[in-house]
A.B. asks: 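My questions all concern the structure below.
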Amino acid sequence: MRIDVVSIFPEYLAPLELSLIGKARQDGILDLRVHDLRAFTTDRHRTVDDTPYGGGAGMVMKPEPWAQALESIAADRPEGSGRPVLIVPSPAGERFTQALAYELAEQEHLAFACGRYEGIDERVIEWSREHFDVRPVSLGDYVLNGGEVAVLAMVEAIGRLLPGVVGNPESLVEESHSDGLLEYPVYTKPSVWREREVPAVLLSGNHGRIAQWRRHEQFRRTAERRPDLLEAFDAGKLPRADRTEL
Ligand SMILES: Oc1ccccc1-c1ccno1
């Protein structure tokens, strides 16, 4: 998979050089490129923002540097790859979910546009549809100062689903949201810790009963913490987690 990220703070994406995503890049599973939006400006001050039409506080990101950056990415797309997906992190986007992570992990080429200030001139989003499948995406119902943090989260959630990134693909199957429910609680040695015991069933060696207990714990936790997920589960709206291999 090829991923391009455009930001005025490219160093914000440095954590993607670490751990599993960093290793996936070294192994050639993930070709991730970070671009400084200011490299696509032409004025002496490398200006990327200006005052909003219609007034209001803050500044808006100018359209032309974005068009130059995105045209450059579209022109450099991998040989034979389909239409790239442009993900625009935004509080006004569709919700990022595990199902969307699976969907995006199947793409050959993703581009991320990290907005700052009050956002990117809307005409960039419209213009981008000429070259990309454009998806405004929100991490959740809260406000960040820019898209970089959202990109870190999404690239990790997507990248870890690619074949060869996590050591044991089985671990992708039994995690929160993989089957529409929250994951069960986990325990390790010692069996008694500060007078707290591990549930006896987990020490029984009875794999059928352990599986039953774990499933019950998934439903109990989901009902307690995320009843909204339980409704979706009951309605059969499961995320596409039926794949251990993408
Ligand atoms: O609040 C934001 C500002 C810029 C880019 C993205 C966001 C955001 C908030 C939630 N998900 O994305």
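Every number for a ligand or one of its atoms is a count from 1 in the order of the listing.
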A.B. asks: Under 3.5 Å, is there a donor-acceptor pair linking the side chains of R215 and Q218?
C.D. replies: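 Q218 and R215 do have a side-chain donor-acceptor pair below 3.5 Å.
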A.B. asks: For atom CD of E156, is the number of surrounding heavy atoms from other residues, nucleotides or ligands below 6.0 Å larger than 12?
C.D. replies: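 No - once you tally the heavy atoms of other residues, nucleotides and ligands closer than 6.0 Å, there are 12 at most.
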A.B. asks: Side-chain contact test, heavy atoms from C-beta onward, threshold under 4.5 Å: evaluate it for D31 versus R25 and give yes or no.
C.D. replies: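 D31 vs R25: side chains apart.
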A.B. asks: Using the ring pair (Phe, Tyr, Trp, His ring centres under 6.0 Å) rule, collect all pairs that involve residues 114-144, keeping only residues at least two apart or in two chains.
C.D. replies: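 Pairs touching residues 114-144 that pass the test: W127-H131.
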A.B. asks: In terms of relative ring orientation, are W213 and Y187 parallel, tilted or perpendicular, with 30° and 60° separating the classes?
C.D. replies: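 W213 vs Y187 ring planes: tilted.
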A.B. asks: Mark yes or no for whether T47, through its side chain, and D49, through its backbone, hold a donor-acceptor pair below 3.5 Å.
C.D. replies: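 Judged by distance alone, no pair lies under 3.5 Å.
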A.B. asks: Within the protein, flag every N or O under 3.5 Å from an N or O of ligand 1, and note the pair and distance.
C.D. replies:
from, atom 1, to, atom 2, distance (Å)
ligand 1, 1 (O), L144, N, 2.6
ligand 1, 1 (O), L144, O, 3.3
ligand 1, 11 (N), L139, N, 2.8

